[in-house]
Trainee: 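What follows is a structure written as structure tokens; I'll ask about it next.
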There are 2 protein chains.
Amino acid sequence: MAEQLSTEKHDMILGAARKRFAYYGFSKVTMDEIAADVGMGKASLYYYFPTKDSLYHEVIKHEAEQFFSGINSMLTEKIPACKMFRSYAGKRLEHFKTLVNLRALSLQQSAETKASSLELFKDFHKHEVEILQHILQIGKKNGEFSVSNPQQTAEVILQMFYGSRAWFLKIKENSLDEEAYVEMESSMKSMIEIIINGITIRK
Amino acid sequence: MAEQLSTEKHDMILGAARKRFAYYGFSKVTMDEIAADVGMGKASLYYYFPTKDSLYHEVIKHEAEQFFSGINSMLTEKIPACKMFRSYAGKRLEHFKTLVNLRALSLQQSAETKASSLELFKDFHKHEVEILQHILQIGKKNGEFSVSNPQQTAEVILQMFYGSRAWFLKIKENSLDEEAYVEMESSMKSMIEIIINGITIRK
DNA sequence: CATACGACTGTTTCAGTTAAACAGTCGAAA
DNA sequence: TTTCGACTGTTTAACTGAAACAGTCGTATG
């Protein structure tokens with residue numbers, strides 16, 4: 001029971017932090033604000049999380065878990081690799097729309113990113129490469145895809161995806177309104193088609 | 001004769017500026033330094049170029065001209081569109097290696113870019129989209145490429161290219177050594193293959 | 001013992017100040 | 001026409017002091 005309450009508090013803090021970090025970004029949010037959001041004193045937060053950084057990292061890990069759980073459930077289905085890829089790419093778009101902290105970290109300049117956070121991002125990326133590589137290997141194995149090096153191809157595809165997001169941020173001067181977002185989604189969809197055509201064996 | 005000397009001076013200043021901007025970046029270079037490089041007083045530079053910004057813009061325009069002239073000579077050749085695309089992509093890689101100021105501008109965050117320079121970059125980009133669109137249309141016309149909207153596809157392809165560069169900058173924390181550059185080139189080459197396969201009609 | 005926090009500390013950030021650096025100007029000289 | 005010394009106003013960078021902030025610890029409470 002006490003353990004349950006402790007976990008609830010932990011999750012409440014995590015949730016409050018997640019909201020504030022998503023809205024204001026890590027550096028603009030104070031521990032006092034998060035504490036007030038959950039009705040506690042600041043010092044009490046440190047009972048649950050040793051540092052502000054570790055709180056942020058847990059927010060990121062939490063969002064990464066949501067990202068991967070939304071995608072993993074799909075990996076065991078017996079569907080063509082082509083369809084799996086489409087499904088993955090579509091879910092990726094959705095998740096990056098809602099998982100704000102994860103998205104922000106992925107697009108943040110390395111000059112603005114603490115080493116520890118950049119490492120966290122690299123881990124996330126590595127995990128995503130593995131998933132995409134897995135999809136490519138399935139396609140290769142059942143004769144759908146022509147991919148000589150699935151790992152490198154996975155890396156390249158993720159670079160392409162990154163390109164669209166980073167590009168729109170640059171061109172729209174960091175202000176992605178709804179219209180720009182729709183435009184970016186449209187670009188992404190065309191990109192996905194080119195990629196699928198580019199790796200698919202045609203008969 | 002005096003006109004010729006004036007043009008020489010103009011070009012000398014442009015060359016000195018280009019070197020310094022390439023090495024130190026626009027903001028770290030002073031007009032005094034450029035003046036010293038060409039053996040003039042700072043005030044004399046303003047006889048040839050009204051402002052530091054306009055000097056920089058001319059450096060960029062100059063590099064853009066070099067970029068496009070290296071590519072345009074290829075556009076009139078009677079070769080398959082597929083081969084033209086490869087040639088264009090290869091030349092693009094080369095040019096971005098040597099045209100340092102243009103490359104820096106293309107990769108610079110919009111927050112760090114003056115509005116006037118960002119506009120200049122957008123113009124450059126627009127021009128490149130036109131060239132790539134032209135290649136795609138040639139391929140479409142002679143039955144090589146399946147591209148429903150050449151203009152959008154050109155935009156998407158350039159986003160993909162941007163992705164690789166921006167990605168490596170992020171991951172290598174703005175320190176692209178020779179090794180990382182080679183890795184990026186390798187990624188680009190894989191990307192080019194996927195793109196070509198992705199737009200090519202196969203029989 | 002687990003949980004909470006008031007009072008506190010040392011560090012970082014921020015706002016303001018000042019001096020230096022810098023882009024740009026202009027009158028005068030060659 | 002071309003050059004530049006001397007100058008100006010603005011911007012940048014360094015500095016300072018105060019406030020803000022992350023984090024700590026002793027103590028209180030259930």
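To find a chain, count down the sequence lines: A is the first, B the second, and so on, and within it residues start at 1.
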Trainee: Let me know the distance between OH of Tyr24(B) and P of dA21(C), rounded to the nearest Å.
Mentor: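 Distance, rounded to whole Å: 18 Å.
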Trainee: Just the rounded figure in Å: distance from P of dC5(C) to CD1 of Ile13(A).
Mentor: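 One finds 10 Å between P of dC5(C) and CD1 of Ile13(A), rounded.
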Trainee: Does either side chain, that of Ser190(B) or that of Gln152(A), offer a donor lying less than 3.5 Å from an acceptor on the other one?
Mentor: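 Yes, a side-chain donor-acceptor pair sits under 3.5 Å.
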Trainee: Rounded to the nearest angstrom, tell me the gap between atom CE in Met31(A) and atom C1' in dT24(D).
Mentor: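 Whole-Å distance recorded here is 13 Å.
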Trainee: Under 4.0 Å, heavy atoms only, any strand: does Tyr48(B) hit a base, just the sugar-phosphate, or nothing?
Mentor: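 Counting heavy atoms under 4.0 Å across all strands, the contact made by Tyr48(B) is with sugar-phosphate only.
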Trainee: Expressed as a whole number of angstroms, how long is the span from Tyr56(A):OH to dC21(D):C1'?
Mentor: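 After rounding, the reported distance stands at 19 Å.
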Trainee: Could you check whether Thr30(A) gets within reach of a base, just the sugar-phosphate, or nothing at all, counting any heavy atom under 4.0 Å?
Mentor: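 The residue Thr30(A) makes sugar-phosphate contact but no base contact.
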Trainee: Counting side-chain heavy atoms from C-beta on, which of dG24(C), dC4(D), dA4(C) comes nearest to Thr51(B)?
Mentor: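 Selected nucleotide (nearest to the side chain): dG24(C).
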Trainee: Under the 6.0 Å and 45° cation-pi test, does Lys170(A) pair with Phe121(B)?
Mentor: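 The answer is yes; both the distance and angle limits are met.
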Trainee: Where the side chain of Tyr46(A) is defined as all heavy atoms beyond and including C-beta, which of dT3(D), dC26(C), dT24(D) is the nearest nucleotide?
Mentor: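 For the Tyr46(A) side chain, the nearest candidate turns out to be dT24(D).
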Trainee: What's the NZ-C1' distance between Lys42(A) and dC8(C), to the nearest Å?
Mentor: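 Taking atom C1' of dC8(C) as the reference, NZ of Lys42(A) is at 10 Å.
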Trainee: Mind listing the closest non-hydrogen atom pair of Lys140(B) and Ser148(B) along with its distance?
Mentor: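 Closest approach of Lys140(B) to Ser148(B): NZ-O, 3.4 Å.
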Trainee: Could you state the CG-C1' distance from Leu45(A) to dC5(C), rounded to the nearest angstrom?
Mentor: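 So the two atoms are 11 Å apart, to the nearest Å.
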Trainee: Expressed as a whole number of angstroms, how long is the span from Glu8(A):CD to dA4(C):P?
Mentor: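 Going from CD in Glu8(A) over to P in dA4(C) covers 12 Å.
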Trainee: Tell me: CZ of Phe49(A) to P of dA4(C), nearest whole Å?
Mentor: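 In whole Å, dA4(C) P lies 12 Å from Phe49(A) CZ.
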Trainee: Base, sugar-phosphate or nothing for Lys9(A)? Non-hydrogen atoms, less than 4.0 Å.
Mentor: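 It contacts sugar-phosphate atoms only.
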Trainee: Could you work out which one of dG23(D), dG5(D), dC14(C) sits closest to the side chain of Lys28(A)?
Mentor: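 The answer is dC14(C), which lies nearest to the side chain.
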Trainee: For Glu63(B) and His95(B), which I'm curious about, is there any donor-acceptor pair between the side chains at under 3.5 Å?
Mentor: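 Absent: no donor and acceptor within the cut-off.
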Trainee: Which nucleotide wins on minimum distance to the side chain of Ala43(A), given the candidates dC25(D), dA23(C), dG23(D)?
Mentor: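 Between dC25(D), dA23(C), dG23(D), the one nearest the side chain of Ala43(A) would be dC25(D).
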Trainee: Among dA4(C), dC25(D), dG24(C), find the nucleotide with the atom closest to the side chain of Lys52(B).
Mentor: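 Nearest to the side chain of Lys52(B) among the choices is dG24(C).
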Trainee: Relative to Tyr56(B), does Lys114(B) satisfy both conditions: NZ or CZ under 6.0 angstrom from the six-membered ring centre, and within 45 degrees of the ring's axis?
Mentor: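 Not satisfied by the 6.0 Å and 45° rule.
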